[in-house]
Amino acid sequence: MSADRYPTEQPTIVTCGLPYANGDLHIGHLRSLVSADVVNRALNRIGQDSIYVCGSDMHGTPVAVNAAQEGKQPDEFALEWHERFLELFPQFNLSFDNYGHTHDETNTELTLDIVETLEEGGHIYDREIEVAFDPVEEQPLPDRYVEGRCPYCGEPARGDECDEGCGRHLEPGEIEDPVSSITGNPAEYRTRPHKFFRVSAFEDVLEEFLDGLEGTANARNQPRQWIEEGLQDWCITRDIDWGIPYPGEDDLVLYVWVDAPIEYIASTIQYAESLVDEDYDWREPWRGDGHIVHVIGRDIIQHHTVFWPAMLAGSDYNLPRAVCAHGFITIAGKGLSTSRNRAIWAQDYLDEGFAPDLLRYYLTTTGGLQQDIDFSWRKFGDRVNGELVGTLGNFVYRSLLFAHRNYGGTPDVGVSPEVEREIQAACDDLREAINEYNVRNVGLVPVELARFGNEYIQRNEPWHLLEEDPDAAAQVIRDCVQLAKAMAILAEPTLPETAATLWAQLAEDGSPGDATLAESLVAPPSTFEAPSELFEQIEEERLDELSADLADRMDLREEESEEDTIEPARIDFETFQSLDIRTGEILVAEAIEGADELVRLEVDIGSEVRQVVAGLKPYYELDELSGQTVVVLTNLEAAEIFGVESDGMVLAAGTDAKLLTTVEPADPGERIR
RNA sequence: AGCGGGAUGGGAUAGCCAGGAGAUUCCGGCGGGCUCAUAACCCGCAGAUCGGUGGUUCAAAUCCACCUCCCGCUACCA
């Protein structure tokens, strides 16, 4: 890999994964959005020509499904979310140079253009595949409209992905035992022509691409395994009516993952078109010598390191220079769950009245980009109070206040060699950090400089020097003012709002977002007003409250899901009578291979011996099970679990499956009444 | 079970890709200092055989193999 270090002469494009227009954004999404924003701003600070573009992902079956549930048209539904995103982004200081959406004209046209290019290049072919169909509704069942079993690992899976088992992307027609996820009707397969993209032909291209790919290690390593296992061609059409229609095919639309990443290009084009005074050639980054940097969640690595580069290569566009795949966010060690409201919602955070910079700082500096990070209000508060308030905010405030009181602004002397070296070192650190896409260090650099600043001012005690040695005092404060100015520039990527405030306090014109590192050694104006505090301390009680509220909310949901409350709905006696519950004796108990908890039981229920599957492995030794008297619900409909038929249900109590038995010995087959 | 991530002083993390003096920083603890500053800031001390075992190497937290545990996504607790 031999790409030039930033800053380069060529333009760079930074993108984040497209927010999906079907729901509210939470801190998980923000991690993508903010990290990419930080990368873009940091590149600009070190003098790299870089823009940040993205857009909403409007297509795909989840939007179609959710829109239908709300009785809306998909475009109307998705557009509403898109608009909400647009309102939210500025509140987190996400500085998109352009933010479009995949359903707009630019993206639609470009997508069709790219698909045609791929066709002309012979990269697309027709193949008859079996598609799940709902025979009752006479409706095709693409992607998540169908559920069934993964052909590779046997796990239950969605139509487009084995989301529960091996994680493989599934091609239409691959899934076994398909059932409509809408009606529950068993689906049947019908043969139907679809379009396939010859991804397999790009193996060499992709391997070379991965060898040179910058960004996080997971984005380089994970796809290597997929390539080793052999690349599958990729079905790029679907039988729904929400999406970009496939050219020349009336009843097919493009798979959402085709037009989604193309939005990265389309958004760049829109940016170029939006400029009035200057020229921007979008072709330079995408087809010329520029650079593309993708910031994504680690769940969409495959799309950005296999499908997308293959598409780009097949239609003569540049491949990305870097893919930065960040980890997930957990709360109290548990994964976010939107359906269970287990998340910190972006809007809720703002409603709490916290400055966006605080969350930006926390999300980008808590762990490495690739690492999963755990969110807690306590840790959030510690970082804010310690590093932002105590170290950075305090240094700037004490310095500027001292300078203003005693000199009316910047003392009229030069910066000392020691401080100049220190500032330059910090600038070097920022350059180094962004060249490694290390957003954590990007955010820590200004705080570390402030640490030095605090040590420096403490060591020199200008408050004493004021009378003892006025020249020396002026020197020290001059140095501190310069350090503060450098911090404004260095902090701008992560803390843009704070940096702008500081910039104004120094009476600087414009914005630190227009400055480059070189300016960090240029003296600020000789006069400025008294500063105000950059950050507010978060009270301990406040943190306690927030923590308690969050814990309550998550605990509540736990209880609900555990059904801890007594079921209020009464049933009549007849309903009870309809349950055929009998004693049984376990004859055989053996583990089901490949399953974590499942045990296959043969249970004698008097008149016959039943095979029953139960999740007992973690709680019992298998050989102590045989011979046990248990209680069996015998007229439960049979089901196949993990590929094993289960005819009946062994009753057990609690989450750790304490088996029910009788107090007195009982023969198999005695009815429970 | 699959895929992914992790295991470093009490807690949280850096370093590991490009191996080299018993190891970063923050919080917490203890002791001092300062008083310009948002009870902030500065200095010092205590505290880790870098999950385990083996291997490669003159040298491993860093490379390789195996193992154990933790976590996330999802699932099979009928």
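Chain naming here is simple, since letters A, B, ... match the order of the sequence lines and numbering starts at 1 in each.
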So, does A/Q371 get its side chain near the phosphate of B/U13, meaning an N or O under 4.0 Å from OP1 or OP2? no
Taking 4.0 Å as the cut-off, does a side-chain nitrogen or oxygen of A/R378 come that near to OP1 or OP2 on B/C27? no
Using a strict 4.0 Å threshold on nitrogen-to-oxygen distance, state whether A/E536 and A/R542 make a salt bridge. no
Look at atom CD of A/E352 and say whether more than 12 heavy atoms of other residues, nucleotides or ligands are closer to it than 6.0 Å. yes
So, OP1 or OP2 of B/C43: does either fall under 4.0 Å of a side-chain N or O from A/Q458? no
When the distance from CD of A/Q370 to P of B/C3 is rounded to whole Å, what number comes out? 17 Å
For the residue pair A/R31 and A/F375, would you count it as a cation-pi contact if the rule is NZ or CZ under 6.0 angstrom from the ring centre and within 45 degrees of the ring axis? no
Taking the basic N atoms (NZ, or NE/NH1/NH2) and the acidic carboxylate oxygens, is any pair closer than 4.0 Å for A/R459 and A/E418? yes
Whole-Å distance between B/U25 C1' and A/E448 CD? 7 Å
Hey, is A/F402 stacking on B/C36? Ring centres under 5.5 Å, planes under 30°. no
B/C34 phosphate, OP1 or OP2, under 4.0 Å from A/H464 side-chain N/O: no
Looking across every strand, which nucleic acid part, if any, lies under 4.0 Å from A/F535 by heavy atom: base, sugar-phosphate, or nothing? base
Looking across every strand, which nucleic acid part, if any, lies under 4.0 Å from A/G327 by heavy atom: base, sugar-phosphate, or nothing? nothing
Under 4.0 Å between a side-chain N or O of A/Y397 and OP1 or OP2 of B/A37? no
What is the nucleic acid contact for A/R440, judged by heavy atoms within less than 4.0 Å: base, sugar-phosphate only, or nothing? sugar-phosphate
Using a cut-off of 4.0 Å on non-hydrogen atoms, how would the nucleic acid contact of A/E533 be classed: base, sugar-phosphate, or nothing? base
By the 4.0 Å heavy-atom rule, please label A/R451 as base, sugar-phosphate, or nothing. sugar-phosphate
Base, sugar-phosphate alone, or nothing: which one does A/L534 contact when heavy atoms must sit under 4.0 Å apart? base
